[in-house]
Amino acid sequence: MTPEQLSQHLVDALSALADEGVLQLADGVPDQVRVERPKAREHGDYATNVAMQITKSAGRPPREIAQLLADRLLRVADVAAVDVAGPGFLNITVDAAAQGVLAGDVLAAGADYGNNESLAGQRINVEFISANPTGPLHVGHTRWAALGDALARLLSAAGADVAREFYINDRGAQMDRFGASLVAAAAGHPVPDDGYHGGYVTELAARIASEQPELADLPPDEQLAAYREEGYRLQLAEQQRELEHFRTHFDVWYSERTLHADDRVKHGIEQLRRQRHLYEADGALWMRTTDFGDDKDRVLVRSNGEYTYFASDTAYYVDKRERGFDRCIYMLGADHHGYVRRLLAMAACAGDDPDKTIDVLIGQLVKVLRGGEELRLSKRAGTILGLGELVDITGVDALRYTLCRYPADSSMTIDVDAVTRQSSDNPVYYVQYAHARLSAIIRGATDLGIAVPAGNGDYDPAVLDHPREGDLLRALAELPRAVQQAASMREPHRVARYLEATAATFHKFYDECRVLPMGDEEVTELHRARLALVGATRVVLANGLGLLGVTAPERM
RNA sequence: GCGCUCGUAGCUCAGCUGGAUAGAGCAGUGGACUUCUAAUCCACCGGUCGCAGGUUCGAGUCCUGCCGGGCGCACCA
């Protein structure tokens, strides 16, 4: 029995009590009852506080309601025991056999286990990183790469139709500064103060100069444009190469320039105009974002006739909506959080309900520790630790996992030495090691000629009555909930935490429960059932790691 | 000044969207491998959840005010 089924039994019990008039619920029967896994063993396999939740609605003391529910629940065949405890908790123990069938369910579902339909029918646009093509991707971008990609995988697993999108900020003054920096570096001159410094500028300039020596003869403005464009092309290609290597694939690379070239900015503004939140003042075109909570109105078209950056963003949003996305997820760095309010106000000005169409995730910046010291990272000073370099040091799996382990809005310090270390202080190896151990058992079974059960009917679920087996089964049963919850809360780190807890549960099981027959031992039902459990656990860990874009090794 | 955000063990961080005695890992101490991977397991040590009020059966979690760190407040991008 899964927690979902148990939850349904509780709802059924409540409806029955209400129908019979035993309980009068002022607020009606809740459509969902949350069951949780208690921390303390003596609190049973599952627990719920529903009796306390509805005490007001029912106008009866919680313990009394709990007792009514307990009596009702005991009639369910798969429920072995129910206790009323404390102020009104319901502690439920599930029948071993009913729990044991889960292994078969997991084996039968295979790679699909954990997926759900909670977001079915939704089209979601996930935009992340969106860096300037004027330099390498740094640690902050890397965090978004790992987190954004994991989130996209999660949303897909929850049934949504997801597009991953990278907005290329390839327009504006910073591109010219980039071009000027390259020209200066190529000529051996010092880079302008407001330009880009870093060693990569020198390398890039030298490469362009040697590949296209004829550029030196161009007039200054043409030369700047040529360097700018070539630098753009090469830098973007580099970003794309590094991200693919980091297993972060984008479905759409969206250039800000094309937004202007195709008159989509103009179109976007026309769409806004219909909603009547635009006005002209001081020769500029404004959006009345204060209508929806912004502290001041925002300019779309400056008095000199040029579009603002905000105009691009507005048009981009309109474009996303016109391309059919129900929801747009923005992943922004903490240094952009001041932007959120106007973003939401803008969507409201466009006639949308921002609560329904926009999710903004704010990511705190990442500190990097190496050799016990904090690295001071600055693009201007050129002291950048790039995605590429970081991956070279730590490997893709360790880096992705480490960055996915923490909620986006918590500041984190990443200790390069710890991520690199291949030991237990690195949780990614803890989880991967569990998968490798499981794989080793299955290899052993194959060597002994014992088939791994493919589903229910291939083993006896009732023999899985050891406490460690029950713990493991209940852990496996949590995956769908973990996925659903992580997806709806947009919090990939929950998957990582779930994996660590499940790996720990497995390791404890492994420590106490022998799976394969020893020596000349006969193959028993217990061996077969445990093998089913092992196979199911491997499926769960592999699926979970897959959601984070981390590999599940057969051997370590 | 206004706004956003964070404050949990010595360190890095969780805490299931208000529940039972606040949890992991690392660091420290001590144990467990002649048979499925010891990258593992077990035990001990470690806390006024920044402070003070409030909401209620119940608050690390919600509200208010302070204190402290980070960030943002352009017809820049």
Side-chain angles (χ1 to χ4, degrees), chain A residues 34 36-40 42-43 47-49 52-53 55-56 61-62 85-89 91 132 169 171-175 177 256 281-286 295-296 298-310 312-313 333-341 362 364-365 369 405-407 409-415 418 421-430 432-434 436-445 447-448 478 481-482 485-486 488-489 491 493-494 496-498 500-501 503-504 506-508 510-519 521 530-531 534 555-556:
Chain A
R34 225 178 63 218
E36 52 184 30
R37 295 170 65 201
K39 286 163 219 148
E42 59 270 26
H43 293 154
T48 178
N49 59 358
M52 290 178 280
Q53 306 267 20
T55 178
K56 225 167 228 163
F89 288 101
N91 295 333
N132 297 328
N169 282 276
R171 196 172 165 278
Q174 88 281 4
M175 290 300 290
R177 282 200 275 273
E256 186 187 353
D282 307 326
L285 181 67
W286 297 72
D295 5 290
K296 53 175 294 189
R298 305 293 170 175
V299 171
L300 289 174
V301 183
R302 288 186 257 165
S303 48
N304 65 6
E306 285 179 27
Y307 291 116
T308 59
Y309 186 84
F310 186 57
S312 298
D313 277 5
D335 51 342
H336 285 89
H337 73 258
Y339 202 69
V340 176
R341 192 171 294 217
I362 295 297
Q364 296 295 325
L365 306 181
L369 221 60
R405 255 195 106 210
Y406 307 101
D409 65 352
S410 80
S411 57
M412 65 175 289
T413 303
I414 171 167
D415 184 338
R421 218 173 300 147
Q422 304 206 352
S423 62
S424 58
D425 50 336
N426 194 341
V428 66
Y429 298 117
Y430 184 80
Q432 287 187 318
Y433 181 64
R437 262 187 161 176
L438 287 156
S439 303
I441 298 173
I442 288 166
R443 276 196 301 275
D447 290 346
L448 293 172
E478 289 297 309
R481 284 211 288 184
Q485 193 172 325
S488 76
M489 297 176 86
E491 291 186 338
H493 78 275
R494 286 173 187 281
R497 301 292 169 168
Y498 165 77
E500 287 165 35
F506 162 68
H507 283 309
K508 291 182 215 293
Y510 182 90
D511 200 54
E512 288 190 44
C513 301
R514 172 80 198 190
V515 177
L516 298 176
M518 287 192 281
E521 236 184 319
R530 283 183 173 170
L531 204 47
V534 161
R555 295 171 202 270
M556 284 174 75

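In what follows, every chain begins at residue 1, and chains take the letters A, B, ... in the order their sequences are listed. Both backbone and side-chain heavy atoms feed into the values below; hydrogens, waters and symmetry mates do not.
Only the P atoms considered, B:C44 is 13 Å distant from B:G25, to the nearest whole Å. Look at the P atom in both B:C16 and B:U61: the space between them is 12 Å, to the nearest Å. Comparing the C1' positions of B:G69 and B:G28 gives an interatomic distance of 29 Å, to the nearest angstrom. A gap of 15 Å separates the P atoms of B:U12 and B:A27, to the nearest Å. When the P atom is used for both B:C62 and B:C4, the distance is 15 Å, rounded to whole Å. Distance check on atom P: B:A24 versus B:A9 gives 15 Å, rounded to whole Å. Nucleotides B:U64 and B:C73 place their C1' atoms 24 Å apart, quoted to the nearest Å.
Looking at residues two or more places apart in sequence or on another chain, you find a ring pair (Phe, Tyr, Trp, His ring centres under 6.0 Å) between A:F506 and A:Y510. Partners of A:E42 under the salt bridge (charged side-chain N to carboxylate O under 4.0 Å, His left out) rule, at least two apart in sequence or in another chain, do not exist in this structure. Every side-chain hydrogen bond (donor to acceptor under 3.5 Å, both in side chains) that A:Y339 has, sequence neighbours left out, goes to A:D313. Scanning for salt bridge (charged side-chain N to carboxylate O under 4.0 Å, His left out) contacts around A:R177 gives an empty result, with sequence neighbours left out. With sequence neighbours excluded, the residues satisfying side chain to side chain contact (heavy atoms under 4.5 Å, CB included) with A:Q485 are A:M489, A:R494. Evaluation of the side-chain hydrogen bond (donor to acceptor under 3.5 Å, both in side chains) rule for A:E36 yields no partner, not counting sequence neighbours. Remark: A:T55 pairs with no residue by the side-chain hydrogen bond (donor to acceptor under 3.5 Å, both in side chains) rule, at least two apart or across chains. The ring pair (Phe, Tyr, Trp, His ring centres under 6.0 Å) search around A:H507 returns A:Y430, A:Y433, not counting sequence neighbours. Applying the side-chain hydrogen bond (donor to acceptor under 3.5 Å, both in side chains) test to A:Q53 and every residue at least two apart in sequence or in another chain returns A:N49.
Between A:R437 and A:K296, the one whose closest nucleotide on RNA chain B sits nearer the 5' end is A:R437.
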Output one line per pair: protein atom, nucleotide atom from nucleotides 10-14 of chain B, and distance, for all N/O pairs under 3.5 Å.
unit_1 : atom_1 : unit_2 : atom_2 : d
B:C13  : OP1    : A:S411 : O      : 3.1
B:C13  : OP1    : A:T413 : N      : 2.7
B:C13  : O2'    : A:R497 : NH2    : 2.8
B:A14  : OP1    : A:S410 : OG     : 2.8

Quick one: which protein N/O atoms are closer than 3.5 Å to N/O atoms of nucleotides 56-61 of chain B? Pair and distance per line, please.
none

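The aromatic ring of A:F89 does not sit over the base of B:G19, since the test of centres under 5.5 Å and planes under 30° is not met. Both thresholds, 5.5 Å between centres and 30° between ring planes, are not jointly met by A:H337 relative to the base of B:G72, so the two rings are not stacked.
B:U17 adopts a syn glycosidic conformation, its chi angle falling within 90° of 0.
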Report the secondary structure of RNA chain B in dot-bracket form, marking unpaired bases with a dot and bases paired to a different strand with |, and treating Watson-Crick or G-U pairs with both distances under 3.5 Å as paired.
(((((.(..((((.....[...)))).(((((.......))))).....(((((..]....)))))).)))))....
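Side-chain N/O atoms of A:R298 include none lying less than 4.0 angstrom from OP1 or OP2 on B:A74.
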